[in-house]
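Accompanying notes for the structure given below.
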Amino acid sequence: MAYCGAVGSLSGRRALVTGAGTRLGRAIADGLADEGASVAFHCHSSRTGADEGAARARRLGRTALVLEADLADFAAARALPGRAAEALSGLDLVVNSAALFEKLPFERISEEALERIWALNFRAPFAICQAAAGLLPRPGGCIVNVLDVGAAQPWRGYAHYGASKAALAMLTRELALELAPGLRVNGVSPGTILWPAQGYDAERRALELARIPLGREGRPEDVARAVVFLATSDYVTGEILRVDGGRGI
Ligand SMILES: NC(=O)c1ccc[n+]([C@@H]2O[C@H](COP(=O)([O-])OP(=O)(O)OC[C@H]3O[C@@H](n4cnc5c(N)ncnc54)[C@H](OP(=O)(O)O)[C@@H]3O)[C@@H](O)[C@H]2O)c1
């Protein structure tokens, strides 16, 4: 996936991107590499995609490597920024993109399903932010959390997912306050960018698109561009930037 921005704005910066083996996380990591950053591509099961991303970044002349971790494990999540900092000789930027997306009627959300979503979508980024806060340079360090328009807008069938993203949105703003002035913490809230891996039928897609003022789904590069904007905008913190074609209006 090609990213086209003002190349070089992240030259010399070192970034960790979670969930960087596939889909949006991969596009974000590619976009940061295009902008000049050295990148640690985190993955869990998408090793091939992460290897491809790191190889692509190295062809651009960047330092790039792959780090595997099961982020459902709090200790493994907490250890990840340190592993990235060690491999990249420091860390300037962390992007929390890995997450679980699941539709379940409220009555059918089991304790296990709730724990699964909570572990990936809130506890893991919490642990990563906590560890990163002790590693990122002050001033200059930056965290970007990938949220969802569903963090601010309820949808039927997504009570556990939406609430987990809303919690991460609040954590983003809490940390922007608590970690200032040294660090900046922002969020990107994508709308419909890539259809869920399990697929939507044509009717469901048409319904979704009808709710988007710009009339189409977004591209992963649109999200990557927003992350680059937040990573390079030194006077922006606590901001949650929607990339949703106007859906949240
Ligand atoms: N797609 C969209 O249109 C859209 C819209 C709104 C918000 N978002 C947000 O954007 C982000 C990326 O979404 P996506 O649709 O591209 O992702 P996705 O297809 O749902 O992929 C999930 C990501 O999470 C990682 N992951 C899952 N379980 C894990 C575990 N136990 N440990 C570590 N990593 C794990 C996966 O890594 P492996 O594949 O390596 O296992 C993968 O990179 C998410 O935060 C999502 O909520 C996406």
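Just follow the structure's listing: the first ligand is 1, and inside any ligand the first atom is 1.
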Task: Atom indices of ligand 1, in the order listed, that fall short of 4.0 Å to a heavy atom of Ile193 - done: 3 (O)
Task: Donor-acceptor pair, side chain of Arg26 and main chain of Gly49, under 3.5 angstrom - done: yes
- [ ] Mark yes or no for whether Ser233, through its side chain, and Val236, through its backbone, hold a donor-acceptor pair below 3.5 Å.
- [x] no
Task: Top protein contact for atom 16 (O) of ligand 1, by heavy-atom distance - done: Leu24 N, 2.9 Å
Open item on the list: I'd like to know if the side chain of Lys165 reaches the main chain of Ser189, judged simply by a donor and an acceptor atom lying under 3.5 Å from each other, with no hydrogens or angles considered.
Closed with: no
TODO: State the atoms of ligand 1, each with its element, that fall below the 4.0 Å cut-off from a heavy-atom position in Gly19.
DONE: 43 (O)
Task: Whether Tyr161 lies under 4.0 Å from ligand 1, heavy atom - done: yes
- [ ] Tell me, please: is Val149 in heavy-atom contact with ligand 1, that is, under 4.0 Å?
- [x] no
Task: Protein non-hydrogen atom below 4.0 angstrom of atom 48 (C) of ligand 1 present - done: yes
Open item on the list: Would Phe101 count as being in polar contact with ligand 1, using the rule that some N or O on each side must be under 3.5 angstrom apart?
Closed with: no
Open item on the list: Does only the side chain of Leu147 get under 4.0 Å from ligand 1, or the backbone, or both, or neither? Count heavy atoms.
Closed with: backbone
Open item on the list: Using the rule side chain to side chain contact (heavy atoms under 4.5 Å, CB included), only one of Cys43, Ser97, Ser46 pairs with Thr22; which is it?
Closed with: Ser46
Open item on the list: Please classify the Lys165 to ligand 1 contact at 4.0 Å (heavy-atom distances, strictly less than): side chain, backbone, both or neither.
Closed with: side chain
Open item on the list: Below 4.0 Å from ligand 1: does a non-hydrogen atom of Gly191 turn up there or not?
Closed with: yes
Open item on the list: Tell me the nearest of Ala76, Ala99, Ala119 to atom 22 (C) of ligand 1, using heavy-atom distances.
Closed with: Ala99
Task: Ligand-side contact atoms (ligand 1) for residue partner Asp70, heavy atom cut-off under 4.0 Å - done: 30 (C), 31 (N), 32 (N)
Task: Close approach, Ser97 and ligand 1, non-hydrogen under 4.0 angstrom - done: yes
Task: Numbered atoms of ligand 1 (with element) below 4.0 Å of Ser45, judged on heavy atoms - done: 38 (P), 39 (O), 40 (O), 41 (O)
TODO: Would you mind listing which atoms of ligand 1 come within a distance below 4.0 Å of any non-hydrogen atom of Thr22?
DONE: 39 (O), 42 (C), 43 (O)
Open item on the list: Give the atom numbers and elements of ligand 1 that come within less than 4.0 Å of a heavy atom of Ala69.
Closed with: 32 (N), 33 (C)
Task: Trp195 backbone acceptor or donor facing Arg205 side chain under 3.5 Å - done: no
TODO: Say whether, by atom type as modelled, one donor and one acceptor occur between the side chain of Arg138 and the main chain of Ala133 under 3.5 angstrom.
DONE: yes
Open item on the list: For atom 19 (O) of ligand 1, what is the closest protein heavy atom, and at what distance to 0.1 Å?
Closed with: Arg23 NE, 2.5 Å
Open item on the list: Taking the basic N atoms (NZ, or NE/NH1/NH2) and the acidic carboxylate oxygens, is any pair closer than 4.0 Å for Glu208 and Arg204?
Closed with: yes
- [ ] Only heavy atoms count here, so choose which of Leu194, Asp148, Ile28 is nearest to atom 7 (C) of ligand 1.
- [x] Asp148
Task: Asp148: salt bridge (charged side-chain N to carboxylate O under 4.0 Å, His left out) partners, not counting sequence neighbours - done: none
Task: Heavy-atom side-chain proximity of Leu16 to Val95 below 4.5 angstrom - done: no
Open item on the list: Could you identify the single nearest non-hydrogen protein atom to atom 37 (O) of ligand 1 and state the distance to 0.1 Å?
Closed with: His44 N, 4.0 Å
Open item on the list: Using a plain distance cutoff, I'd like to know if Pro190 has any nitrogen or oxygen under 3.5 Å from a nitrogen or oxygen of ligand 1.
Closed with: no
Open item on the list: Among all the protein's non-hydrogen atoms, which is closest to atom 29 (C) of ligand 1, and how far away is it?
Closed with: Leu120 CD1, 3.7 Å
Task: Sequence-distant partners of Phe122, ring-ring contact (aromatic ring centres under 6.0 Å, His included), two or more places apart - done: Trp118, Phe126
Task: Nearest non-hydrogen protein atom, atom 39 (O) of ligand 1 - done: Ser46 OG, 2.5 Å
TODO: Indicate yes or no: at least one non-hydrogen side-chain atom of Glu68 is less than 4.5 angstrom from one of His44.
DONE: no
- [ ] Ignoring hydrogens and angles, tell me if any N or O in the side chain of Asp92 forms a donor-acceptor pair with the backbone of Arg13 under 3.5 Å.
- [x] no
Open item on the list: Let me check something: do Leu175 and Ile240 share a hydrophobic cluster, defined by ILVMFWY side-chain heavy atoms less than 4.5 Å apart, either directly or through other members?
Closed with: yes
- [ ] Using atom types as modelled and distance alone, determine if a side-chain donor or acceptor of Arg116 lies under 3.5 Å from a backbone N or O of Glu111.
- [x] no
Open item on the list: With heavy-atom distances below 4.0 Å as the criterion, list the atoms of ligand 1 near Ala98.
Closed with: 24 (O), 25 (C), 34 (N)
Open item on the list: Please report whether ligand 1 has a polar contact with Leu71, defined as an N or O pair separated by less than 3.5 Å (distance criterion only).
Closed with: yes
Open item on the list: Heavy-atom contact check, 4.0 Å cutoff: does Arg26 meet ligand 1?
Closed with: no
Task: Short side-chain to backbone donor-acceptor contact, His42 and Gly19, under 3.5 Å - done: yes
Task: Backbone or side-chain N or O of Ala20 under 3.5 Å from ligand 1 N or O - done: no
Open item on the list: For Asp222, is there an ion pair with Arg225 - N to carboxylate O distance below 4.0 angstrom?
Closed with: yes
Task: Under 4.0 Å to a heavy atom of His42 - the qualifying atoms of ligand 1, by number - done: 33 (C), 34 (N)
